[in-house]
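For reference, the structure is listed below as structure tokens.
We count ligands from 1, going down the list as the structure has it; atoms in each ligand are counted the same way. All figures in this text were calculated on a predicted structure; none of them were measured in a lab.
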Amino acid sequence: MPNSRILVRPLRALSEFQHCERIQQAVWGSAGVSGELLLVTAKNGGAVLGAFADTHLAGFLYAFLARRNGRLIHWSHLMAVEPEFRDRGLGLRMKIAHRRLALARGIHSVAWTYDPLQSRNAALNIHRLGAEVREYIPDCYGSFHSKIECGLPSDRFVAEWPLTRRRVEQALAGKRRAIAVSSLPCANEVGWKALTLPVNRRFRLDLSEPRLLVEIPADPDRMRDRDIELARRWRLAMRRVFQHYLGKGYRVTDFVSSGDENPRRAFYLLDRTSR
Ligand SMILES: CC(C)(COP(=O)(O)OP(=O)(O)OC[C@H]1O[C@@H](n2cnc3c(N)ncnc32)[C@H](O)[C@@H]1OP(=O)(O)O)[C@@H](O)C(=O)NCCC(=O)NCCS
């Protein structure tokens with residue numbers, strides 16, 4: 001498996017779309033989008049891409065045509081990679097393939113939602129792809145059965161990915177300026193419970209510097225498994241912080257995580273200077 005060859009391509013066969021239902025089952029515990037809908041969307045202007053490890057379909061991306069702020073875009077409603085195939089670049093490869101396909105069809109912008117406390121998604125969406133966030137939706141999909149959500153409110157960032165913007169091209173080329181974490185103000189102060197579980201000790205809503213940080217848990221899945229009430233407190237605290245600063249005109253423009261620190265730390269960069 002570690003040496004398998006990765007291939008990303010549009011899905012075509014009904015059996016492939018049906019396999020995507022099984023991936024949804026494995027990742028979320030239920031299939032919100034049927035194979036039938038995937039097939040219809042793929043044939044009518046949307047995008048359904050699969051990531052294969054050798055011959056095994058291990059992940060997929062699903063996007064449909066939508067209108068946002070008067071422009072035709074692709075709304076990427078789902079992307080999932082089976083847990084045992086994560087952190088090997090399948091998600092990145094699918095997003096890059098989607099960008100190429102969208103541009104070839106005259107679509108210049110892609111948007112999607114994701115849970116702001118999922119640090120893996122933040123690393124991929126915000127840092128690696130150069131997507132930006134201006135909008136926070138509390139309890140976006142209401143309460144739904146999901147292995148990931150575990151009964152917590154389904155708060156979401158809206159990630160916007162303007163495909164030909166310079167910032168996006170720089171991010172894709174791996175040319176982002178490093179974030180000097182120690183020199184920027186941080187909107188929250190994090191301590192540790194049982195040495196490894198992050199506790200949000202206090203947060204500040206009075207910062208006005210052009211660039212500031214917000215720290216999130218670097219391993220939210222582990223935190224949810226260990227202490228669901230702690231995860232709920234994080235959800236509600238971060239809802240206040242992000243709604244406050246996005247409401248003041250800040251945008252989420254970058255993300256950094258220190259994989260070598262123990263415990264690992266993860267920070268969003270919020271910026272009210274960038275356009
Ligand atoms: C989101 C998802 C599709 C990403 O797939 P993936 O194949 O693992 O993504 P990639 O390997 O391309 O990128 C993951 C990045 O996160 C990094 N990462 C992993 N764990 C991390 C953590 N705890 N903190 C910070 N970064 C982390 C990886 O190092 C990698 O970055 P790198 O390429 O710079 O090294 C996958 O995690 C998934 O299926 N999640 C559940 C469903 C979901 O949330 N879907 C999105 C919303 S619909």
Winner among S119, S146, G91 once heavy atoms are compared against atom 6 (P) of ligand 1: G91

Check: Y268 ring centre within less than 6.0 Å of F157 ring centre: yes

Residue and atom name of the nearest protein heavy atom (relative to atom 48 (S) of ligand 1), distance in Å to one decimal: M79 N, 3.6 Å

Presence of salt bridge, R224 and D221, under 4.0 angstrom: yes

R251 side chain vs L270 backbone, donor-acceptor pair below 3.5 Å: no

Protein heavy atom at shortest distance from atom 28 (C) of ligand 1: D87 OD1, 3.6 Å

Test item, W112 contacting ligand 1 (heavy atom, 4.0 angstrom): no

Polar contact flag for L78 and ligand 1 (N/O pairs, less than 3.5 Å): no

Protein non-hydrogen atom below 4.0 angstrom of atom 32 (P) of ligand 1 present: no

Short N or O distance, R128 and ligand 1, threshold 3.5 Å exclusive: no

Sub-4.0 Å heavy-atom contact, I148 with ligand 1: yes

Short N-O contact, R9 and E16, less than 4.0 angstrom: yes

Proximal atoms of ligand 1 relative to A80 (non-hydrogen, under 4.0 Å): 39 (O)

Derivation of the side chain to side chain contact (heavy atoms under 4.5 Å, CB included) call for V8 and L61: CA-CA 10 Å; V8 172; L61 176 154; over 6 Å; no

Which residue and heavy atom of the protein sit nearest atom 11 (O) of ligand 1, plus the separation: G89 N, 2.9 Å

Residue and atom name of the nearest protein heavy atom (relative to atom 36 (C) of ligand 1), distance in Å to one decimal: R86 NE, 3.6 Å

Salt-bridge present (E135, R68; N to O < 4.0 Å): yes

Polar atom proximity, A218 to ligand 1 (N or O, under 3.5 Å): yes

Sub-3.5 Å N/O-N/O distance, Y114 and ligand 1: no

Protein contact to atom 12 (O) of ligand 1 [nearest heavy atom, distance to 0.1 Å]: L92 N, 2.9 Å

Shortest protein heavy-atom distance from atom 27 (C) of ligand 1, along with the residue and atom involved: R264 NH2, 3.6 Å

Contact check, R88 vs ligand 1, heavy-atom distance below 4.0 Å: yes

Worked check of side chain to side chain contact (heavy atoms under 4.5 Å, CB included) between L78 and W28: CA-CA 11 Å; L78 294 179; W28 287 286; 3.8 Å; yes

Residue portion contacting ligand 1 (non-hydrogen atoms closer than 4.0 Å) for V27: side chain

Among A123, P217, A51, closest by any non-hydrogen atom to atom 17 (C) of ligand 1: A123

Atom 2 (C) of ligand 1 touched by protein (heavy atom, under 4.0 Å): no

Pairing of D115 and R235 as salt bridge, 4.0 angstrom limit: yes

Pair E215 + R204: basic N to acidic O under 4.0 Å: no

Per-atom contact, atom 44 (O) of ligand 1, protein heavy atoms, under 4.0 angstrom: yes

Check ion pair E169-R166 (N to O, under 4.0 angstrom): no

Set of residues satisfying side chain to side chain donor-acceptor pair (under 3.5 Å) with respect to D87, sequence neighbours excluded: R120

Distance from atom 39 (O) of ligand 1 to nearest protein heavy atom, with residue and atom: V81 N, 2.8 Å

Check: T253/R167 side-chain N/O donor and acceptor closer than 3.5 Å: no

N200 to A237 - nearest heavy-atom pair and separation: ND2-CB, 3.3 Å

Shortest protein heavy-atom distance from atom 37 (O) of ligand 1, along with the residue and atom involved: R120 CD, 3.0 Å

